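Working notes, beginning with the structure itself.
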Amino acid sequence: MRTTEYLLATLKETPSDAEVISHQLMLRAGMIRKLAAGLYTWLPTGVRVLKKVEAIVREEMNRAKAIEMLMPIVQPAELWQESGRWEQYGPELARLNDRHGRGFVLGPTHEEVMTEMVRNQISSYKQLPITFYQIQTKFRDEIRPRFGAMRSREFVMKDAYSFHLSNECMDKTYEIMHQAYCNIFERLGLDYRPVVADSGSIGGAVSHEFHVLADSGEDDIAFSDASDYAANVEMAEALAPTTPRAAATEQLTEVATPNAHTIDDIAKLFKVEASQTIKTLIVHGIKEEDSDEQPLVALVLRGDHQLNDIKAEKTGSVAHPMTFASDEEIKQATGTNPGSLGPIGLKMPVIVDRSAANLADFICGANKDGYHSTGANWDRDITGFEVADLRNVVEGDASPCGNGTLSIKRGIEVGHIFQLGKKYTTAMNAGVLNDNGKNEILNMGCYGIGISRIVAAAIEQNHDKYGIKWPEAITPFQVVLIPMNMHKSHRVADVAQKLYDELLEAGVEVLFDDRKERPGVMFNDMELVGVTHTIVIGERNLDEQLVEYKNRRSGDKEKLAIDSVTDFLKSKIG
RNA sequence: CGGUAAUUGGCGCAGUUUGGUAGCGCACUUGGUUUGGGUCCAAGGGGUCGCAGGUUCAAAUCCUGCAUUACCGACCA
């Protein structure tokens, strides 16, 4: 490709609404342009990368014996009503009507269409197990699209679905797909981790997320320093402290604390660590049937810990989804305002986090406006409480796997695999005849990869102040040729042309910067676009029949004989 | 959806306080100049200042309403 016959579309300045580095660089390197909020046009350079990611995913899916197909983006509303997600999905599901007034949705995912296809086309256990996939555009009307291709409303996804009779068979395919995902991220050249995940609203039991590690990631991942254990922070269990609780040494004392309402205030006032204080959060409990009364539940954590709402919901006492009680509700139930709450004498179920339950002589609200209690102790001052894991793990916690301690890093979720079980197949009555000739509902697995998000994640992980540094597997071009002042030197022009022809002949994806630009402009543009292998052709070296090779990733430079360039590059590209 | 801010040629911004014929840099076109790290000079094309209404002799500027966009909070590949 010659730049004069291409659309390079690089920018010197960063459009002002780009926040994260991958978004900025994708705009500046001429990969994407915004059409509207969360909607992007992929320019030629962006498409070249996108297609390479797709190709790797496609190869590994095929290798895992998944079969490619293609389903429509526009899907009939009836299917979504049948699965129950027409109501469940909420405003993120974009709905529309055709000219006859019939309801449709823009597909945010394809479980329904897939299940519909399988119930019609697969009728015997002899056809199982079977896995289908597609690489296709999805639409999710996100509340807040941001970060460019990282979280857009329209995006490219690979989604796969497997079907089985037995759980064992589903497990087996799940393992195969897990391995296929590892192969994909390995080949992409990304630093990634599979992590144990919450299966969220899609449902089902077993689930893993695949995260690309990057500081700009939106998820916290907890790792063990001594094993392979990795889990989304929302899922990682906070183990009970192993040291026994200290004995009570202080008397319970009420202290006036008129201006202290937060944990920070209290810790400063009493000159103690936040970990010696307790915070009490009032949330909505589960309503009794045929009762209008809204029960409340008190959740108690150490002052320095954060509540994990998924864990709270799992206690069985807390409403789904977890919601905080309003100030009025709290005032009515406890007679005090939120800043002075404590577990002592509360007339509602009290659930105490394991770490908080291990404290002795701690400080908590006195349930009296403007007062806190010091020297509080469990069992002596508070009784009738329940102990559970309620908090997010923090750096330095013992790993739940039993080996090592946890550290926490940011990750970008680029893949997610689930064992769905029979959730959709039951709702949509998708079964096959088993070996007894009886109809049996199918087990289902689903496996997603965010193709366009991978492009952004790869940039987050591979850039410097000059621009992108592509992993070779997904580089938009394999080689760039940068001639110095070609229009003034026939020798430079001739050599550049010869190398270009040779590389094309050898099947190398080469970008020939044949613009009449000053060298600095070319260098800057090409470093921004981020192609690894660069050949600079200049008068300076031509007397010795040499050209210059530069590696964008390693920074290595060397001089090459003109005749050896093609072979040299072919060996580098592999 | 709530909170904050913004909206002026393709991009980045000034001009708004104090109303008086719309400006700068980048990009683009033409000519020249320069040539191994974003040259320099000259000429040129392109904007009814987000939209609607109001105040005024006069509105990018003041007032009202609406829209769009970005950032901070709950979902997800």
Side-chain angles (χ1 to χ4, degrees), chain A residues 8-20 23-24 27-28 30 33-39 53 57 88-93 108-110 135-160 181 197-202 207 209-212 218-219 232 234 309-310 321-324 411-418 446-457 466-467 482-489 492 515-528 536-542 547-548 550 557:
Chain A
L8 203 54
T10 52
L11 300 175
K12 267 190 198 176
E13 286 168 302
T14 306
S16 58
D17 53 7
E19 177 83 353
V20 298
H23 188 193
Q24 294 173 359
L27 290 165
R28 289 225 292 135
R33 285 294 183 270
K34 185 172 77 174
L35 181 64
L39 301 175
V53 176
V57 170
Q88 282 169 25
Y89 221 98
E92 211 171 286
L93 181 64
T109 171
H110 282 71
I135 294 173
Q136 195 241 25
T137 300
K138 300 280 186 274
F139 188 88
R140 295 184 188 172
D141 200 356
E142 296 273 353
I143 297 174
R144 189 143 93 83
R146 59 183 151 170
F147 302 159
M150 196 94 92
R151 179 183 296 279
S152 49
R153 292 196 288 180
E154 187 177 305
F155 59 98
V156 180
M157 179 170 166
K158 185 283 303 176
D159 47 328
Y181 272 45
D198 182 61
S199 48
S201 58
I202 298 190
S207 160
E209 291 169 355
F210 288 77
H211 283 261
V212 168
E218 296 184 84
D219 292 282
N232 198 307
E234 28 181 65
D309 45 358
I310 293 171
M322 191 200 81
T323 46
F324 287 100
I412 301 166
E413 185 188 350
V414 289
H416 201 161
I417 60 178
F418 301 87
C446 95
Y447 317 90
I449 284 188
I451 304 275
S452 38
R453 185 180 279 182
I454 282 175
V455 176
Y466 303 109
I482 307 183
M484 297 291 103
N485 304 309
M486 187 166 69
H487 61 284
K488 288 196 64 173
S489 161
V492 171
R515 291 176 297 175
K516 187 183 168 184
E517 284 288 356
R518 292 173 59 87
V521 173
M522 292 180 169
F523 286 134
N524 282 309
D525 269 350
M526 293 304 130
E527 278 161 8
L528 177 60
V536 180
I537 303 131
E539 269 296 331
R540 192 187 275 186
N541 296 304
L542 285 186
V547 295
E548 216 171 295
K550 276 164 100 172
K557 288 185 187 180

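Throughout, a chain's letter reflects where its sequence line sits, starting with A, and its residues are numbered from 1. These figures come from a predicted structure and were not determined experimentally.
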Taken to the nearest whole Å, CG/L27(A) to P/C11(B) is 11 Å

When rounded to whole Å, the CG to C1' distance for the pair L35(A) and G10(B) reads 15 Å

Among the nucleotides G38(B), A77(B), A74(B), whichever has the atom closest to the side chain of R518(A) is G38(B)

I310(A) atom CD1 is separated from C76(B) atom C1', nearest whole Å, by 12 Å

Regarding the side chain of E142(A), the nearest nucleotide among C75(B), A70(B), U39(B) is C75(B)

Check your understanding: R146(A) side chain N/O closer than 4.0 Å to the phosphate oxygens (OP1, OP2) of C72(B)?
Key -> yes

Regarding the side chain of N524(A), the nearest nucleotide among G37(B), C13(B), U69(B) is G37(B)

Looking at S16(A), does any N or O in its side chain come under 4.0 Å of the phosphate oxygens OP1/OP2 on C13(B)? yes

**Report entry** Side chain E548(A) and base G36(B) donor-acceptor under 3.5 Å
**Finding:** yes

From CZ of R151(A) across to C1' of C76(B) the rounded distance in Å is 6 Å

Q | Short N-O contact, E218(A) and R151(A), less than 4.0 angstrom | A | yes

RNA chain B nearest-nucleotide lookup for H23(A) and Y89(A): closer to the 5′ end is H23(A)

| field | Base C71(B) to side chain R144(A), donor-acceptor N/O within 3.5 Å cut-off | value | no

Ranking G36(B), G38(B), C76(B) by distance to the side chain of V521(A), first place goes to G38(B)

Which of H23(A), K34(A), R146(A) passes side-chain hydrogen bond (donor to acceptor under 3.5 Å, both in side chains) with D17(A)? It is K34(A)

The Watson-Crick or G-U wobble partner of G12(B), with both key distances under 3.5 Å, is C24(B)

Is NZ or CZ of K158(A) both nearer than 6.0 Å to the six-membered ring centre of Y447(A) and within 45° of the ring axis? no

When we call it a touch if two heavy atoms are under 4.0 Å apart, what does D17(A) touch: a base, just sugar-phosphate, or nothing?
sugar-phosphate

Quick note, E13(A) side chain, CB onward, closest among U35(B), G25(B), G73(B) is G25(B)

Among U34(B), A77(B), G38(B), the one nearest any side-chain atom of K12(A) is G38(B)

Base, sugar-phosphate or nothing for I412(A)? Non-hydrogen atoms, less than 4.0 Å.
nothing

Sorted by position of nearest nucleotide on RNA chain B, 5' first, the leading residue of K550(A) and S152(A) is K550(A)

* Do the side chain of E527(A) and the base of G38(B) come within less than 3.5 angstrom through a donor-acceptor pair of N or O atoms? -> no

Taking U69(B), A77(B), C75(B) as options, the one with an atom nearest any side-chain atom of E92(A) is C75(B)

**Prompt:** Would you say the base of G36(B) and the side-chain of K557(A) have a donor-acceptor pair closer than 3.5 Å?
**Reply:** no

